[in-house]
Structures are given as structure tokens and as C-alpha cells.
J.: 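Sharing a structure below in C-alpha cells format, with a few things to ask.
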Amino acid sequence: MKIFYSPKCLEYSQPGHPESPARAEATYNYLKEKGFEFIRPQPCRNEDILLAHSQKLLDSVKKESFFDFDTPAFTGIFDIAVLSAGSAINAAMHCLNANEKAFSLMRPPGHHATGNDLGGFCYFNNIAIACLKARKEPGNIGKVAIVDFDCHHGNGTEDIVFGKKDFLYLSLHQSPLYPGTGLKSRDNCINFPLAAGTSPERYLSALGEGLKEVEKFDPDLLAISAGFDSYKLDPIAGLSLEKETYKEIGKMLSGLNRPAFAVLEGGYSRDLPECVYQFLAGLED
Ligand SMILES: [Zn+2]
């Protein structure tokens, strides 16, 4: 397992915003103490962004000429967003080329960014960009499954991969909750909306059901949107997973026996470092 991380991802913040630099930094420190190895990521290129997004979105992030209450136009955000997307690409290529799992511990997150719009703390869709890029590289990456266990539906990812026959998108998320999408499955997008307070047992059984579909799909690459806001103490969501549940999630994903990489999405509690650690420990199994 290698972790892609750059302290440059700490260089934007807004007082009171849950998606804080402290969450990434504390996770980095915790994983470093646990002995994980880190690699500095490289930024992606504009053409990589355009695999998933419109020129209009790229330009507006570059010029910082947009308004979204949750997703502010921070000074310098473009350079950090292309580093976060580049890190996801690096993680995908690492798992394919080095035959070793990889995790991108970066911010901003990505799964709410649609083809044309940013939102929900996300500027560019890191995981979609990484998957689309991986499919363009030599190495016969035909089919890609994206499993998203963030507490929110990955409306951006669904928007980008919807109807693409070489992609399968599986999301487990709380409903009702922002962004209000993912109420049912459609075409190549499988959604499990879960009520607030859903127990870890019920959650894992839904995940098991979803992963059966992933197995049937038989992907060449497994991409994981790892969000930890489904944790019982998360301040902005209402599922009730335990720290250890993330280890089970990691094990179940590892059990698919595919080249796999994960990228950090949400997760806003003080226990984020331990939740991430549990997940990586399970994924490494
Ligand atoms: Zn989330």
C-alpha cells in the first residue's frame, strides 16, 4: 500500500468549514505513525480534467470566477484541485503498474463535481478523472467499477459515468441528505439509499449485495470513493458506522481481488484518522 499526499492540500481553508485542512493533516500524521509509506503526487494536466469536465468548468475554477456557498473560490484553488486530481491518477496508475494498492489522501474531495458544475466541497471529480485517464493508458483496462461509500450520494460521479457501458457505479448513501439524488438505481448506476441511523450490520449487508453486482460486472480496475462521514460521530451526517466497520468495508473490497485504489472523499469527525486507518488495514488484508 502506498499513500499519495502533499502538504499543499492544506493551503486553503475557511473558518468553520467542516472540510478543513486539519482533517487531512491529522490523518497524514496518524498514518505516518502507523508506518505507511507516502509518495508526493503530481498535478494533472488540463487535458485530464477535460476527460470528465467541460472547458467552461475548468476555466471558471482557473479564473476563480464562480460562486458556491459550500465550495468557495479560494485563492489558488485551481492548483490544489489539479494536484488532488493528479494524486487520484497517480494512485490509479500505481495500483495498475506496481501491482500494489494505493490511497490518495488529498483535498479537495471530488464526487459531487458533475461534468459541468462544482459543488459540495468538490471542484473536479478526482475519481472519475483517474478512471477515465486509466482507461486511456496502455494496459487493457476495459471495465472500471467505482464503489462509493461516502455518506452522500456521488451525484457528480454518477453524472459523469452514467450510460458508459464500461463503467459500473455503486453508491451507498444516507437518504434523504444532500445532494438529494441517488434515490434509485438506473442503467449502470446502482444506488442504495439508506435511512438515517442504519446499523453497521444492515449497512454491510447492503454493501455485500452491491458487491455481488460488481463481481458480476467483472471489472479490470476497482476505484473506491472513500468517505468517512457515515461514521456514528460525524457532525454533518446521520449513519451510525463504527470505526471497525471501515475495516470490514476494506476487507470486502479487497475480497474482490482486483487492482484497487481509493481516494478520500468526506469524513469530518475527529476520529477520521482512525476510520481511514481501519479501512486501509482491511483493504490491505
Ligand atoms: Zn460526504
Side-chain angles (χ1 to χ4, degrees), residues 9 12-14 16-24 26-27 68-72 81 84-85 87-88 103-114 117-130 146-161 169-183 189-198 200 203 206-207 210 223-243 245-246 249-250 253 262-276 278-279:
C9 81
Y12 70 99
S13 66
Q14 185 181 56
H17 199 298
E19 204 287 281
S20 69
R23 59 190 280 277
T27 304
D68 182 282
F69 185 79
D70 287 335
T71 319
S84 188
S87 182
F103 177 56
S104 173
L105 171 57
M106 288 290 286
R107 56 192 287 270
H111 75 153
H112 294 307
T114 66
D117 287 304
L118 50 77
F121 321 160
C122 303
Y123 300 84
F124 298 131
N125 197 309
N126 307 315
I127 202 154
I129 292 167
I146 301 175
V147 176
D148 186 333
F149 66 81
D150 188 274
C151 200
H152 302 89
H153 179 240
N155 59 313
T157 310
E158 177 161 322
D159 174 68
I160 293 164
V161 308
Y169 177 64
L170 167 66
S171 176
L172 278 75
H173 46 270
Q174 185 186 329
S175 179
L177 188 68
Y178 175 90
T181 49
L183 302 182
C189 298
I190 304 171
N191 288 308
F192 283 86
L194 302 168
T198 295
Y203 185 96
L207 178 63
I224 304 162
S225 266
F228 300 86
D229 36 12
S230 44
Y231 178 54
K232 63 179 180 182
L233 298 180
D234 197 90
I236 73 166
L239 289 185
S240 52
L241 303 197
E242 304 284 344
K243 290 171 196 163
T245 316
Y246 293 105
I249 293 173
L253 290 164
V263 303
L264 179 64
E265 301 286 0
Y268 309 99
S269 80
R270 281 192 184 177
D271 294 334
L272 176 66
E274 284 175 84
C275 293
V276 174
Q278 292 288 336
F279 165 64

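Computed from heavy atoms alone, side chains included, the values below leave out hydrogens, waters and symmetry copies. Remember, it's 1-based here, ligands and their atoms both numbered in the order they're listed.
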J.: Kindly say whether the aromatic ring centers of Tyr178 and His112 come within a distance under 6.0 Å.
T.: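 Yes - the distance between ring centres of Tyr178 and His112 falls below the 6.0 Å cut-off.
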
J.: Judged by modelled atom types alone, do Tyr231 and Glu274 share a side-chain donor-acceptor pair under 3.5 Å?
T.: no

J.: Checking one value in my table: which N/O/S atom of His152 lies closest to the Zn ion (ligand 1)?
T.: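 Closest to the Zn ion (ligand 1) among those atoms: ND1.
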
J.: Between OD2 of Asp229 and OD1 of Asp150, what angle is found at the Zn ion (ligand 1), rounded to 10 degrees?
T.: 110°

J.: Please confirm whether Arg107 makes a cation-pi placement over Tyr12, using NZ or CZ under 6.0 Å from the six-membered ring centre and within 45° of the ring normal.
T.: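 Yes, Arg107 sits over the ring of Tyr12.
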
J.: Nearest 0.5 Å, please: how far is OG1 in Thr71 from CG in Leu118?
T.: 6.0 Å

J.: Below 2.8 Å, can you find an N, O or S atom of His173 next to the Zn ion (ligand 1)?
T.: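 Short answer: no, not a single N, O or S atom is under the cut-off.
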
